[in-house]
Every structure is written in structure tokens, then in C-alpha cells.
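Just so it is clear: chains get the letters A, B, ... in the order the sequence lines come, proteins before strands, and each one is counted from 1.
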Amino acid sequence: MPELPEVEVTRRALAPHVEGRTLESVAVRERRLRWPVPLRLHEQLAGRRVERIDRRGKYLLWRFAHGTLISHLGMSGTWRVWPREPGRPVPLPQVHDHIDLLFRAHCIRLTDPRRFGALLWSAVADGPVEGHPLLAGLGIEPFDPGFSGEWLYRLTRSRSAPIKQVLLAGDVVVGVGNIYASESLFRAGINPKLPARRLGRARCGLLAAAISEVLAEAIAVGGSTLRDFVGADGVAGYFMNDAFVYERAGQACRLCATPITRVLQGQRATYYCRRCQRR
DNA sequence: CACGACTCCTGCTGGC
DNA sequence: TGCCAGCAGGAGTCGT
């Protein structure tokens, strides 16, 4: 499922085909995503130029002069780039190919079988997109210089929930989903069940560093291959080849050979090594 | 405020 | 071999 690295990999693949280009038309075949896709999307966007494509957490922000198109990939969404060239037709849309953004030279296609994704419009007249209800409560970016052990420490003092669930909540730091939460906690040697407020400054420092490193490494290799994540260029990522704990229940820890433990936290699977993660 | 349960949806898994 | 119930999962929403 797309977490921050997969979204960032997607953003980088889209940017050269989208930034500074004029959107010719929008085809919406299925409006029923997490929230209904706006009815007037084509009228709002056709003939308008995408100035920039940014990422905030797991959201992609397609910035136009008159507003921002907000997209989220949910569990199973992908944006895929298809060239539009004479003699090489864009493939016919398949069942789950819900949206096409047509530029002169490319078709950017949203596929989302589970329809947990979103595509929303935020007009300039409604205020800065950063204040949109979906974005306003988000935590700091993990690559922001302000994200540190101290930040983690400060924002977890009032949190009694397990540290794994606080990471997933996204209001402290964004972009850490189920895979990278388990992997980051493993790297930091921290037990995922530990109440967040019981982490001291030292452990917060280790965890903040682990999160940034794990996410950066995942971006560098093109995102996770879990659930067939394929980048916008059609090339699969490699992170899962290197997972230390995720989906490795019962298998030997790569560091100490202890069988990896799987537990449920808030209806979600957490994987950890009970020997390596005792901090 | 913080937390946990519930919810959306479909592909995949496992049991028979 | 085939069918189908049950589960997983991001994150907003709601009740406590």
C-alpha cells in the first residue's frame, strides 16, 4: 500500500510530464472514490496549467493558479503515465481505471481497485490548501529539518497509546504507514507496544533518525513492492526484499535469529523482534 | 484532548 | 477443482 516513499516516487515520476504543462481534458469514469470526485472537474481544469506537483504526507498536491487538485492513493491507488504518440494508442481503460488526466503528450491515469483513494478540488478562493480539513491536522514532514528526537519527545508527552499507533496516526509525523512503522521501530530497537509518553529523549532520538533513514532508503530504491506497488513508469520497487520484520511472522530475525512476532494493534498487524526490540 | 471502534472496498487466502 | 466467507488495510468519523 502506498506510504510516503511510494507517493514520493510517484510524484517524481509525474513531475517532468506534468509541471508547466496544460491539462487538455479530464475523463472521469467512476466518481465513487472515498469521497465523490467533483462533478465539474473537467470544466474546472481543462485548459489550465499545472504549475507544480507537491507532496504533503501521502497527499499529492497538483497546484494550478486557481486552486489545487488534492489526490490520495488510499490502499490500492496508482498514477500511471502513458505516452500519447501517433501509432501508439493509450491502452483502453480497464475496470478500475477511474480517471484520466489528458495532457498533449501524456495520459496520466488513476487506477484504484479498492477506491479508498481520493481526488478533490480546493479553490484558491477557499484559502490556502494547507488549511484544507484533510491537511490542516497533519504532522511534520519526516525530512523537515525540524523533525528530530526533540520534536518526537515534545509531541508524545500527552500520548498514552502505543508508539506504533501514534506513528500511524500521522498527527505527529506524516507518511509512516504500517510497513515503515514496524521497520522503523525495529531499526530503533524499540518495542511497538510501549506507551509513547514513556519514550525518553534518547529513544525519541533513535526513533526519529530511524524513521528518516528508513523512508529515505525506501525512496532511493523506488518504493515498496508490497501489494504489487508499481511506479508511474511501470517499474516495481524493491523495499520488501529488504524488510527486517514486516510480514515475516515466525521467520528468523535477520539480526538475532529469534522468530519474528506478529501482534494486532488497533486492528492492524505489527511485526517485531522481541529480543532486538526491548528498549 | 486522546483513544478505540467502526467504516468504506475489493483482491486474495484458506477452508471445505 | 471450485466456491465463498473472512480478512487486510489508510485514515476519517464518531462515541466515550
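Within 6.0 Å of atom CZ in A:R49, more than 12 heavy atoms from other residues, nucleotides or ligands are found, so the atom counts as buried in its surroundings.
Taking atom CE of A:M75 as the reference point, atom C1' of C:dC7 lies 11 Å away to the nearest angstrom. Whole-Å rounding puts the A:L134 CG to C:dG12 C1' distance at 8 Å. Going from atom CG of A:L73 over to atom C1' of B:dC8 covers 17 Å, rounded to whole Å. Here the P atom of nucleotide C:dG12 and the CG atom of A:L120 are 11 Å apart, to the nearest Å. With rounding to whole Å, A:L167 atom CG is found 12 Å from B:dC3 atom P. In this structure, A:Q165 atom CD and B:dC3 atom C1' are separated by 9 Å, rounded to whole Å. Between A:R114 atom CZ and C:dC7 atom P there is a gap of 15 Å when expressed in whole angstrom units. Between A:E30 atom CD and B:dC8 atom C1' there is a gap of 13 Å when expressed in whole angstrom units.
A:R157 comes within 4.0 angstrom of nothing in the nucleic acid, heavy atoms only. A:R159 comes within contact range of the sugar-phosphate backbone alone, with a heavy-atom separation under 4.0 Å but no base atom that close. Using a 4.0 Å heavy-atom cutoff across all strands shown, A:A169 reaches no nucleic acid atom at all. Counting non-hydrogen atoms under 4.0 angstrom, A:R115 reaches the backbone sugars and phosphates but no base.
Under 4.0 angstrom from either OP1 or OP2 of C:dG12 there lies no side-chain N or O belonging to A:H72. Listed pair A:K58 / C:dA11 meets the phosphate criterion, a side-chain N or O lying under 4.0 Å from OP1 or OP2. Residue A:R268 has no polar side-chain atom (N or O) positioned under 4.0 Å from OP1 or OP2 of C:dA8. For A:Y246 and C:dG9, the shortest distance from a side-chain N or O to OP1 or OP2 is below 4.0 Å. Listed pair A:S158 / B:dA2 meets the phosphate criterion, a side-chain N or O lying under 4.0 Å from OP1 or OP2. Contact between the side-chain N/O atoms of A:S160 and the OP1/OP2 oxygens of B:dC3 is found at a separation under 4.0 Å.
A donor atom on one side chain and an acceptor atom on the other are not found under 3.5 Å apart for A:T68 and A:W62.
Contact of the A:E3 side chain with the A:I179 side chain is registered, since non-hydrogen atoms from C-beta on lie closer than 4.5 Å.
In this structure, A:F116 counts as stacked on the base of C:dG10 under the 5.5 Å centre distance and 30° plane angle limits.
Although no hydrogens or angles enter the test, the distance criterion places a donor-acceptor pair under 3.5 Å between the side chain of A:H42 and the main chain of A:V26. Of the possible polar contacts, none joining the A:T78 side chain to the A:R80 backbone as a donor-acceptor pair under 3.5 Å is found.
Heavy-atom distances to DNA chain B give each of A:V95 and A:A161 a nearest nucleotide, and the one nearer the 5′ end belongs to A:A161.
In this structure, of C:dG12, C:dG10, B:dC3, it is C:dG10 that holds the atom nearest to the side chain of A:N178. Closest contact between the side chain of A:R34 and the listed nucleotides B:dG11, C:dA11, B:dC6 involves C:dA11. Among the nucleotides B:dC6, B:dC3, C:dG10, the one closest to any side-chain atom of A:Q267 is B:dC6.
Ring pair A:F64/A:W121 is perpendicular by interplanar angle, where above 60° counts as perpendicular and below 30° as parallel.
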